[in-house]
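Remarks on the structure that follows.
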Amino acid sequence: NCEQSWNGEAKLQNVFASTKIQKGDELVLPYTELLAPTGQRANRLWERWRIRCSCAACSSPVPESDLRRVKMQKLLRRAEVAFDDAPYSDAENAIDMLEDYLDLCDEEGLHTKSARLEA
């Protein structure tokens with residue numbers, strides 16, 4: 001429900017809400033790539049910080065969720081290639097892919113600004 005960004009010039013870590021937060025809600029920041037499948041996220045978290053995530057996506061993984069996240073990665077890569085192939089870019093097809101990506105973000109509950117900025 002939160003994201004962070006580093007302001008190197010001011011040497012400040014900024015944390016901001018990416019969804020509506022109610023009084024008493026726990027503030028949660030991602031520590032790994034959100035589009036990675038559950039197993040990869042768990043391994044990276046353990047190897048880097050020796051933590052085990054207990055968020056809903058990690059504590060009760062659903063195979064369909066991993067498939068959606070892998071599809072999201074592929075859509076972003078394919079859209080990037082379609083845009084980069086100028087002057088023969090297939091912008092219309094790339095836009096369709098990005099719309100599919102945003103729909104999958106909604107299905108996964110990924111409401112982070114950074115995930116949407118990817119599109």
Side-chain angles (χ1 to χ4, degrees):
N1 61 5
C2 290
E3 292 186 70
Q4 61 206 31
S5 65
W6 174 251
N7 181 331
E9 193 172 296
K11 294 186 168 104
L12 289 173
Q13 180 76 23
N14 296 305
V15 176
F16 54 93
S18 56
T19 62
K20 186 164 179 65
I21 298 172
Q22 302 295 323
K23 184 177 180 178
D25 285 353
E26 179 181 12
L27 302 180
V28 180
L29 291 167
Y31 280 76
T32 189
E33 171 58 50
L34 295 176
L35 298 184
T38 306
Q40 286 180 11
R41 292 193 314 269
N43 288 339
R44 287 180 189 155
L45 289 170
W46 183 252
E47 289 171 5
R48 189 151 187 198
W49 291 287
R50 294 291 190 236
I51 60 174
R52 299 215 187 274
C53 183
S54 61
C55 78
C58 291
S59 60
S60 56
V62 177
E64 293 82 13
S65 174
D66 283 348
L67 293 174
R68 279 191 295 269
R69 289 173 192 244
V70 168
K71 184 176 180 179
M72 292 166 74
Q73 290 176 353
K74 289 178 182 177
L75 284 168
L76 284 177
R77 283 194 302 268
R78 288 177 48 216
E80 186 176 323
V81 167
F83 278 124
D84 285 347
D85 284 344
Y88 306 105
S89 69
D90 189 0
E92 190 171 314
N93 190 32
I95 290 170
D96 289 341
M97 286 185 266
L98 293 176
E99 287 173 346
D100 291 344
Y101 167 82
L102 291 171
D103 288 342
L104 290 169
C105 279
D106 290 340
E107 286 180 41
E108 280 299 297
L110 295 175
H111 302 294
T112 61
K113 184 177 180 183
S114 59
R116 294 189 175 279
L117 284 176
E118 288 283 341

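When reading the values below, keep in mind they use all heavy atoms of this one structure, side chains included, and skip hydrogens, waters and symmetry mates.
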* Structure fact -> Note: Glu47 and Arg50 closest approach over all heavy atoms is CA-NH1, 3.9 Å
* Asked: Quick one: do Val15 and Tyr31 end up in the same hydrophobic cluster if we chain Ile, Leu, Val, Met, Phe, Trp and Tyr together by side-chain heavy atoms under 4.5 Å apart?
  -> yes
* Structure fact -> Here the gap from Lys71 atom NZ to Glu64 atom CD, rounded to the nearest 0.5 Å, amounts to 13.0 Å
* Shortest non-hydrogen contact from Asn1 to Ile21? -> O-CD1, 3.8 Å
* Shared hydrophobic cluster for Leu29 and Trp49 (ILVMFWY, side-chain gaps under 4.5 Å) -> yes
* To do: Determine the minimum heavy-atom distance between Thr38 and Ala57, stating which atoms define it.
  => OG1-O, 4.0 Å
* To do: Supply the atom-to-atom distance Trp6 CH2 to Asn14 CG, rounded to the nearest 0.5 angstrom.
  => 9.0 Å
* Worked check of side-chain contact (heavy atoms from CB on, under 4.5 Å) between Phe16 and Gln4 -> CA-CA 6 Å; Phe16 54 93; Gln4 61 206 31; over 6 Å; no
* Between Ala82 and Met97, which heavy-atom pair has the shortest distance, and what is it? -> CB-CE, 4.1 Å
* Structure fact -> For Ala79 and Leu98 the tightest heavy-atom approach is CB-CD2, 3.7 Å
* What distance do Ile51 atom CD1 and Leu45 atom CG have between them, rounded to the nearest 0.5 Å? -> 5.0 Å
* To do: With side-chain contact (heavy atoms from CB on, under 4.5 Å) as the test, would you mind laying out the steps for Cys53 and Arg41 before giving the verdict?
  => CA-CA 9 Å; Cys53 183; Arg41 292 193 314 269; over 6 Å; no
* To do: Return yes when atom CZ of Arg68 has more than 12 non-hydrogen atoms of other residues, nucleotides or ligands closer than 6.0 Å, and no otherwise.
  => yes
* **Distance in Å, Lys11 NZ paired with Gln13 CD, rounded so as to fall on 0.5 Å steps** => 14.0 Å
* To do: To the nearest 0.5 angstrom, please state how far the CD atom of Glu99 sits from the CG atom of Leu75.
  => 11.5 Å
* **Distance-minimising heavy-atom pair for Glu33 and Leu35** => OE2-N, 3.0 Å
* To do: Check the pair Leu110 / Arg69 against side-chain contact (heavy atoms from CB on, under 4.5 Å), numbers first and verdict last.
  => CA-CA 10 Å; Leu110 295 175; Arg69 289 173 192 244; 4.1 Å; yes
* **Gap separating the CG atom of Asp25 from the NZ atom of Lys20, nearest 0.5 angstrom** => 10.0 Å
* To do: Check whether Ile95 and Met72 end up in the same hydrophobic cluster, where Ile, Leu, Val, Met, Phe, Trp and Tyr are linked by side-chain heavy atoms less than 4.5 Å apart.
  => yes
